[in-house]
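Scroll down for the structure; my scribbles are underneath it.
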Amino acid sequence: MALCGGVGAMALPSELIVHIFSFLSDRDKLRASAVCSRWRECLFYPALWTELKLRIGGDGCNGSGSDETAKLEFLMRKFGSFVRELQLELAPVEGNLSPLSNDPTAARMEQPPGGQEAHQRWRDAMATYLDQVLCVFTGIRNNRNLQKLSLYGDTFILQQDGQLDTSSLQQVQQGDKKINEVQQLFMELLSNSRQLRWLSCSFMLGVVTPCSLSCLSNPAAETLQHLSLLDHQLGEQVKSLVSLSELDRLSNLRSLALDFCDFTSELCGLLASPRRAPLHRLSLLLNGAALEFKPLKGTATEDDWKALVRVSANLRVYVMALEVDSSDLLCVLKPSLPLERLHLDSWTTLVTDGALELISQQYNKTLTDFLLLRDAPDLPDLGVNCNEDPLVLLAWRCKKLAVLVVHGYIMWSHNLVAISRLRGSSLRVLTVSEESLGFDPEQSIYVQGDPVLYLMKQVSQSLGRDWQPCMDSTAVLSEPTQHFHRDLCAFSAGV
C-alpha cells in the first residue's frame, strides 16, 4: 500500500483513516489494518461495523469446531456491544449422523461399526453449537443499539430423533446447564433492547422458549416490525413460541413468520384488529411431521382470512409445506389466503393433480413463486390422469408467475416448452433438474439430433434468454429449513 512508508500511515489523522476504511470491503479493511498500529486501532471504530453477516461452519469448512468458535469469540468481543445488524448462521456439523437414542444407557451399549464414532460426532457437534450460541449472546446481551438480529441454526441433523430433551443434553458435558444459560442470555438481550426492528430466530435448538418474548422491553415492542420465531422440535409438550398476549404488545408489526399450526383463528383475529398496523408479509411453515402433535384443527378459517385481508389489503403470504399430504394441504389453502409464494417439499408424499388444480384456480391473481420438489428415486407423472398437464394449466392461469422450480416429478419436454411460451420473459426463474425431464419416444421421428439441445433451443427462444436444465440436483434440493429461513428474510426485506 502506498501509505505504508515513512510519514504516510502514521501522519494521517484517525478521522481520515476511518473515512478511508468506510470505502473498503470487510476483507480489504482487515488487509489495510496491517499498515501500522494506528490503522489497526481505527479498524474497530464502531461506525465501520454497523452490520455483520456471518456463517460459522458448514459449506465444506475445513476448520475445527474450536477454530470456528475462536473466530466467533473474537468478532463478538470486538463488535457485539455496538453492532446494529447481526445476521448469523451456525452450522456446527456437516453430513449425516445416526439418530440419538433417548435412552441414556444407549451410549454404553454395543453399537454397530461406525455407530460409536457417529455418536461422538453428535456430542462434539452439539457441544460446539452450544459454545458458539453462548459466545454470541454473551457478546450482544448488553447491546442497546441492536436493530436487527437474524439467527439461523443449521442443526437439523443434530435432531434426527425429532426432539431435543434433557436426556439427550445430558450426553453433552454440562449440556443442560449451558442451554439454560443460553435461554437466560437471550431473554436478557430482549429486555435490554431498545431499538429492535427485526427479530428472527429460526431453528436455533434450545434458544427460544414460550416465555422468551415476554422479556422484550416495551420500547422494543413498539419498534419491532418483523418477528420470526421457528423451531423444529416435535412432541406433545411443545408449545407455541408466540402467545396471543405477547403478540398483542407488538402493535407495529409488519411481518410475521411462524409455524402454520400456531396460526390459530384467535391469532388471526388479533392481527385483524384495526388498532394495529396492517400486516404486509406472513410466512408459514407447515411441517407434516408436526401434525401428529399439533393438528390443523383451530387454525385460521376462511372467514378469519377474509377479516385479516380487509384490514391488511397489501398482505402477501409465503407457505412452505414439508412432507404434507395433499388432503391436509387442501384443508389449509383457503380461497381468501393471499398466497404469493408456495414451496411444496417432500420425500415420500405425493402432490396430486387435484391439489395443483386448486392452487392454480384459487391463486391465479397472486401466485408469483412456485417450487415443487421431491427427493425420491421414482418420478411420478402429474398429468397421467389429466387431459391437460397441471403445471401447464398453472402457468396459463397464474399470470404473475415469475419463479417455477420442479424436481422429482416428470416434466415432459413438450409441457416445458408450453410453459415457457405461456409466460415468456416474465418467467424470471425456470429451474428443472435434468433427471426430471421426460421425452416423448415419438419425438425422434420429427426431431433430429440431441433432444436435450433441441429443448434448450425451444425454451431459450420463448424466454428470450439462454436456458438449460439444472445438471446438479443438489443445487435445487437445499436443506428445507435453511431455504425457508433465507426465503422468508428476502420475502420480508424492505417491508
Side-chain angles (χ1 to χ4, degrees), residues 85 147-150 190 193-202 213-214 216-230 240-286 298-320 332-343 362-369 398-400 402-403 484-495:
E85 297 188 9
Q147 296 180 9
K148 180 174 183 177
L149 178 63
S150 178
L190 296 182
S193 62
R194 293 295 181 270
Q195 306 175 41
L196 204 58
R197 294 182 291 103
W198 181 293
L199 176 60
S200 176
C201 192
S202 301
L213 203 56
S214 64
L216 186 68
S217 69
N218 288 330
E222 288 295 319
T223 59
L224 195 67
Q225 296 184 17
H226 171 84
L227 176 65
S228 170
L229 297 180
L230 297 160
S240 172
L241 299 177
V242 182
S243 68
L244 288 174
S245 59
E246 297 307 326
L247 191 63
D248 192 31
R249 296 173 61 210
L250 312 178
S251 58
N252 292 313
L253 206 64
R254 298 291 201 279
S255 173
L256 177 65
L258 71 167
D259 189 293
F260 204 118
C261 295
D262 293 334
F263 192 69
T264 61
S265 182
E266 292 80 6
L267 190 148
C268 188
L270 174 66
L271 294 174
S273 170
R275 297 181 292 104
R276 302 177 57 86
L279 196 66
H280 289 268
R281 296 291 184 271
L282 177 61
S283 299
L284 300 170
L285 177 63
L286 179 59
T299 55
T301 65
E302 169 67 2
D303 288 340
D304 295 327
W305 282 109
K306 286 180 178 179
L308 179 58
V309 172
R310 276 196 297 269
V311 173
S312 302
N314 294 321
L315 176 64
R316 292 295 177 264
V317 179
Y318 167 37
V319 174
M320 173 187 274
V332 299
L333 294 180
K334 306 299 184 184
S336 294
L337 188 159
L339 187 66
E340 185 172 281
R341 300 188 184 191
L342 179 60
H343 180 164
Q362 287 189 172
Y363 309 116
N364 61 314
K365 295 181 180 179
T366 59
L367 190 67
T368 64
D369 295 38
C398 300
K399 308 299 185 185
K400 295 183 179 180
V403 176
F484 185 69
H485 168 73
R486 292 179 177 178
D487 250 24
L488 76 86
C489 288
F491 185 54
S492 296
V495 172

Are the side chains of L250 and L216 in contact, using a 4.5 Å heavy-atom criterion?
yes
Kindly compute the distance separating NZ (K400) from CG (D369), expressed to the nearest 0.5 Å.
12.5 Å
Are the side chains of N218 and R249 in touch, meaning some heavy atoms are under 4.5 Å apart?
yes
Under 3.5 Å, side chain of Y363 to main-chain N/O of L342, donor-acceptor pair present?
no
Donor + acceptor pair across side chains of E302, S336 (<3.5 Å)
yes
Carefully, step by step, assess L224 and L199 under the rule side-chain contact (heavy atoms from CB on, under 4.5 Å).
CA-CA 8 Å; L224 195 67; L199 176 60; 3.9 Å; yes
Is a side-chain donor or acceptor of T223 paired with a backbone partner of R197 at a separation under 3.5 angstrom?
no
Tell me whether the count of non-hydrogen atoms from other residues, nucleotides or ligands lying under 6.0 Å of NZ in K365 goes above 12.
no
E85 and W198: CA distance, side-chain angles, deciding distance, side-chain contact (heavy atoms from CB on, under 4.5 Å) verdict:
CA-CA 9 Å; E85 297 188 9; W198 181 293; over 6 Å; no
Mind listing the closest non-hydrogen atom pair of V242 and S240 along with its distance?
O-OG, 3.0 Å
Are any of the side-chain heavy atoms of S150 and H485 separated by less than 4.5 Å?
yes
Nearest 0.5 Å, please: how far is CG in L229 from OG in S200?
8.0 Å
Roughly how far, to the nearest 0.5 Å, is the NZ atom of K334 from the CG atom of D303?
10.0 Å
Nearest-0.5 Å distance, NE2 of residue H226 to CG of residue L149
10.5 Å
Side-chain contact test, heavy atoms from C-beta onward, threshold under 4.5 Å: evaluate it for L284 versus V332 and give yes or no.
no
Distance in Å, Q195 CD paired with S217 OG, rounded so as to fall on 0.5 Å steps
10.0 Å
For a 4.5 angstrom cut-off between non-hydrogen side-chain atoms, does L258 reach L282?
yes
Just checking, any donor-acceptor pair under 3.5 angstrom between side chains of S245 and D248?
no
Looking only at heavy atoms, the pair that brings R276 and L253 closest together is NH2-CB, 3.9 Å
Taking side chain as C-beta onward, heavy atoms only, is L271 less than 4.5 Å from S312?
no
Please assess L488 against L230 for the test side-chain contact (heavy atoms from CB on, under 4.5 Å), listing each intermediate value before the final yes or no.
CA-CA 12 Å; L488 76 86; L230 297 160; 3.9 Å; yes
If we only count heavy atoms from C-beta on, is the H343 to Y318 side-chain gap below 4.5 Å?
yes
Could you check whether any side-chain N or O of T368 sits under 3.5 Å from a backbone N or O of A402, counting only pairs where one atom can act as donor and the other as acceptor?
no
With a 4.5 Å heavy-atom cut-off, do R275 and S251 have their side chains touching?
no
Under 3.5 Å, is there a donor-acceptor pair between the side chain of S273 and the main chain of L270?
no
Backbone N/O of T301 and side chain of D304: donor-acceptor pair under 3.5 Å:
yes
Within the distance-only criterion (no hydrogens, no angle test), does the side chain of E266 pair as donor or acceptor with the backbone N or O of L244 below 3.5 angstrom?
no
Output, in order, the C-alpha distance, side-chain angles, deciding distance and verdict of side-chain contact (heavy atoms from CB on, under 4.5 Å) for V317 and T366.
CA-CA 9 Å; V317 179; T366 59; over 6 Å; no
In this structure, CG of L241 is separated from CG of D259 (nearest 0.5 Å) by 8.5 Å
Judged by atom type as modelled, is there a donor-acceptor pair below 3.5 Å linking the side chain of N314 to the main-chain atoms of H280?
no
